[in-house]
2 protein chains.
Amino acid sequence: MLERERHSLILKLVEERSIVSVGDLLDLLGASEATIRRDINTLAERGEVKRIRGGAEAVRPRHQPHLVGMPFSLSQDISVPQKRAIARVAAELITPGESIIINGGTTTFALVEFLADHDLDILTNSFPIAAKLLATSRNRITLPGGTIFREQNIVLSPFDNDTIDNFWGNKLFTGCYGLNRFGIMEADPLIVQAQTKLLKRTEDVIVMADSSKLRQKSAMIVTGLERISTIVTDDGAKPEELEVFKAAGIKVIVASVSQDDELQKLA
Amino acid sequence: MLERERHSLILKLVEERSIVSVGDLLDLLGASEATIRRDINTLAERGEVKRIRGGAEAVRPRHQPHLVGMPFSLSQDISVPQKRAIARVAAELITPGESIIINGGTTTFALVEFLADHDLDILTNSFPIAAKLLATSRNRITLPGGTIFREQNIVLSPFDNDTIDNFWGNKLFTGCYGLNRFGIMEADPLIVQAQTKLLKRTEDVIVMADSSKLRQKSAMIVTGLERISTIVTDDGAKPEELEVFKAAGIKVIVASVSQDDELQKLA
DNA sequence: CACGAATCGATCATATACAATCAGATGCGA
DNA sequence: TCGCATCTGATTGTATATGATCGATTCGTG
């Protein structure tokens with residue numbers, strides 16, 4: 001991974017979480033501690049992050065809105081191969097002509113690529129997903145009303161009366177911050193709210209979670225396991241990690257990253 | 001593989017991923033490291049990519065993502081100079097901090113360019129306008145819920161309960177198909193419906209109509225002159241054409257196209 | 001205040017990327 | 001076909017980045 005890539009990734013994470021530890025970055029960047037420290041120091045010198053003991057902090061206070069890049073390009077993102085592999089498999093769960101709901105997120109954004117040829121009714125709260133769908137597919141796209149939150153890139157209405165309530169999806173595709181025996185966990189209250197709204201508009205909940213999510217915890221439980229019907233993850237997941245989901249009656253699909261790589265090269 | 005081919009491939013990849021390493025290109029181009037470096041350096045000299053250690057980066061700043069599949073661009077549009085002149089003048093009607101509504105259309109799309117530095121609450125039913133605002137300004141953006149109609153590029157809900165009803169704009173900016181003594185005329189029933197919804201959410205209606213619209217008629221009257229407070233047109237309009245509006249108590253502003261051209265060149 | 005643990009900065013050996021150079025390959029016009 | 005110009009790939013020495021190590025500092029805890 002290039003220095004510049006690490007820097008972007010660090011900045012992205014700092015923006016997202018407003019604070020990151022060296023330890024977090026260790027796994028995510030696959031670089032040594034020394035390098036990560038150097039990266040953080042460099043970024044701190046440039047004033048792009050604030051150096052704090054144990055990690056880095058956002059320069060900007062969290063509440064202050066700022067212009068953030070839409071994830072139009074997956075490359076700025078982490079776990080890209082995993083997410084693509086998951087997306088490819090998840091897309092196979094879709095029947096032509098049905099209506100689906102796609103919750104915003106980088107994992108679900110990867111799904112769009114595989115929806116080009118479908119003829120679907122799609123509701124999504126993600127502006128970038130809608131934009132890409134609009135540009136690359138012929139599906140019918142519906143947006144909920146609301147304000148565009150730049151940080152999360154989702155459309156969310158502060159009000160009750162929402163177009164969303166007139167939509168019914170056969171399936172909901174969603175990512176998550178963490179996924180474990182408690183269910184779907186998120187770290188951002190805004191995302192919780194958005195996701196909760198969507199959960200009411202479908203029966204079939206499909207969670208797309210790369211294997212790192214299975215070890216991730218947070219404070220907010222969006223919904224318990226009983227609400228989830230299918231989980232799509234990648235082969236980085238240990239079998240014992242998946243047991244709890246299977247025991248809860250959830251269909252678990254494991255996507256092979258290496259196999260997806262080959263398919264990708266063919267295309 | 002020809003030099004040109006490599007260059008375009010590199011540009012394509014950089015565009016897609018926003019960062020590529022020499023190593024990546026090594027496999028993809030099947031050329032030697034030296035050649036790839038030379039290619040990158042050449043492209044960097046031309047300003048087409050940014051040279052970074054280990055590879056190349058997109059010139060576009062990370063925080064200004066490009067707009068994928070912008071369904072229409074001003075360049076494909078007619079009366080561009082007129083529309084830009086009108087937009088520049090219309091933008092001056094806006095007070096910092098206020099909340100405005102922008103109806104979809106190519107004329108109002110031109111307005112976005114002049115809204116970059118404002119700090120506004122903006123509701124728009126136009127997907128492209130929202131996308132461009134999101135990418136180039138810091139304004140707060142709200143979308144009505146609904147389906148995206150590709151032809152008109154607007155978001156319109158077939159239902160009654162709409163986020164739109166919780167919004168109130170100090171001003172509504174709208175284009176039109178035709179503008180005459182009957183009021184605002186449109187040719188597309190869908191646009192009529194969208195516009196009608198917006199009209200209910202404001203008092204102050206500002207119509208942006210290049211002079212060709214003053215001679216255009218259609219079958220559907222969206223609203224009469226009594227609802228319009230201001231008309232912004234260009235200096236292609238004959239004074240006698242504007243009399244009827246002034247007589248109705250409407251403020252008429254005429255934008256000078258040639259003067260706008262000069263301002264544009266300065267920028 | 002004292003202790004251990006975590007974090008940090010500095011240092012150094014190694015790995016990687018770089019520009020410069022040159023020889024061979026390729027394309028092009030005479 | 002020859003000769004020239006250009007492009008390409010390999011090589012080399014240099015600059016830079018990286019990761020491991022280690023002592024110093026800071027932090028949390030008792």
Side-chain angles (χ1 to χ4, degrees), chain A residues 1-59 62 73 75-81 178 187 212 215-219 236 261, chain B residues 1-62:
Chain A
M1 182 177 298
L2 268 44
E3 184 180 21
R4 203 66 185 65
E5 286 183 275
R6 292 198 312 269
H7 287 184
S8 318
L9 216 55
I10 293 173
L11 285 174
K12 181 170 177 291
L13 279 176
V14 165
E15 269 182 0
E16 259 178 37
R17 311 193 191 170
S18 66
I19 199 169
V20 282
S21 72
V22 176
D24 291 352
L25 294 170
L26 212 54
D27 301 335
L28 255 56
L29 302 184
S32 76
E33 230 175 279
T35 302
I36 289 170
R37 275 186 231 290
R38 269 187 284 253
D39 283 342
I40 296 181
N41 288 343
T42 309
L43 291 171
E45 272 173 35
R46 287 194 220 141
E48 308 206 49
V49 299
K50 199 169 137 197
R51 185 73 168 102
I52 55 171
R53 191 175 174 80
E57 194 184 36
V59 179
R62 215 189 200 307
S73 138
S75 65
Q76 305 246 338
D77 190 29
I78 51 174
S79 313
V80 179
S212 73
R215 292 144 214 158
Q216 195 67 252
K217 282 196 175 61
S218 166
D261 257 351
Chain B
M1 183 179 296
L2 268 45
E3 187 178 13
R4 285 294 289 272
E5 290 183 87
R6 291 198 312 271
H7 285 188
S8 59
L9 209 56
I10 292 173
L11 285 174
K12 181 166 166 279
L13 277 177
V14 165
E15 183 73 14
E16 257 176 40
R17 312 196 195 167
S18 65
I19 262 187
V20 282
S21 71
V22 175
D24 291 352
L25 294 169
L26 212 54
D27 300 336
L28 259 77
L29 302 183
S32 76
E33 234 175 274
T35 302
I36 290 169
R37 289 218 176 81
R38 269 187 285 254
D39 283 343
I40 296 181
N41 288 342
T42 309
L43 291 171
E45 273 172 35
R46 286 194 220 142
E48 309 204 49
V49 300
K50 198 169 139 199
R51 185 74 168 100
I52 56 170
R53 190 179 173 81
E57 192 187 17
V59 179
R60 203 192 322 280
R62 237 188 0 276

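Predicted model, so just to flag it, every value in this text is computed and none were measured. Residue numbers begin at 1 in each chain, while the letters A, B, ... track the order of the sequences.
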- Task: Check the pair B:Ile40 / B:Leu25 against side-chain contact (heavy atoms from CB on, under 4.5 Å), numbers first and verdict last.
- Result: CA-CA 10 Å; B:Ile40 296 181; B:Leu25 294 169; 4.0 Å; yes
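Annotation: side-chain contact (heavy atoms from CB on, under 4.5 Å) contacts of A:Glu33 (sequence neighbours excluded): A:Val22, A:Leu26, A:Arg37. The side-chain contact (heavy atoms from CB on, under 4.5 Å) test applied to A:Asp39 returns A:Glu3, A:Arg6, A:His7, A:Ile10, A:Thr35, not counting sequence neighbours. Here B:Ile52 pairs with A:Leu2, A:Arg4, B:Ile19, B:Glu57 under the side-chain contact (heavy atoms from CB on, under 4.5 Å) rule; sequence neighbours left out. Shown here are the side-chain contact (heavy atoms from CB on, under 4.5 Å) partners of B:Ala44, two or more places apart in sequence or in another chain: B:Val49, B:Arg51.
A residue-by-residue look at B:Ile36 and A:Ala31 shows that B:Ile36 has its nearest nucleotide of DNA chain D further toward the 5' end. Comparing A:Asp39 and B:Arg6 by the nucleotide of DNA chain D whose heavy atom lies nearest to each, the residue mapping closer to the 5' end is B:Arg6.
Within the 4.5 Å cutoff, the side chain of B:Leu43 has heavy atoms near those of the B:Leu11 side chain. A heavy-atom distance below 4.5 Å is not found between the side chains of A:Thr42 and A:Glu45.
For B:Glu5 and D:dC7, the CD to P distance is 15 Å, given to the nearest whole Å. One atom, CZ of A:Arg4, and another, P of D:dT18, lie 13 Å apart when rounded to the nearest Å. If you take CD1 of A:Ile40 and C1' of D:dA17, they are 17 Å apart, rounded to a whole angstrom. Atom CG in B:Asp24 sits roughly 15 Å away from atom C1' in C:dA17 (whole-Å rounding). For A:Leu29 and D:dT18, the CG to C1' distance is 14 Å, given to the nearest whole Å. Taking atom CG of residue B:Leu26 and atom P of nucleotide D:dA10, one finds them 10 Å apart after rounding to whole Å. Rounded to whole angstrom, the span from the CD atom of B:Glu3 across to the C1' atom of D:dT6 amounts to 9 Å.
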- Task: Between protein and nucleotides 5-12 of chain C, map the contacts as a letter string: B base, S sugar-phosphate only, - none, heavy atoms under 4.0 Å, written 5' to 3'.
- Result: -BBBS---
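The shortest distance between the side-chain N/O atoms of A:Ser32 and the OP1/OP2 oxygens of D:dT18 is not below 4.0 Å. Side-chain nitrogen and oxygen atoms of A:Thr35 include none within less than 4.0 Å of the OP1 or OP2 phosphate oxygen of D:dT18.
Contact between A:Ser218 and A:Ala187 at its shortest, heavy atoms only, is OG-CA, 3.5 Å. Smallest separation of non-hydrogen atoms from B:Ala31 and B:Ile36: O-CD1, 3.9 Å.
Taking the C1' atoms of five terminal pairs at each end of the helix from C:dC1-D:dG30 to C:dA30-D:dT1, the two resulting helix axes are inclined by 40°, rounded to 10°.
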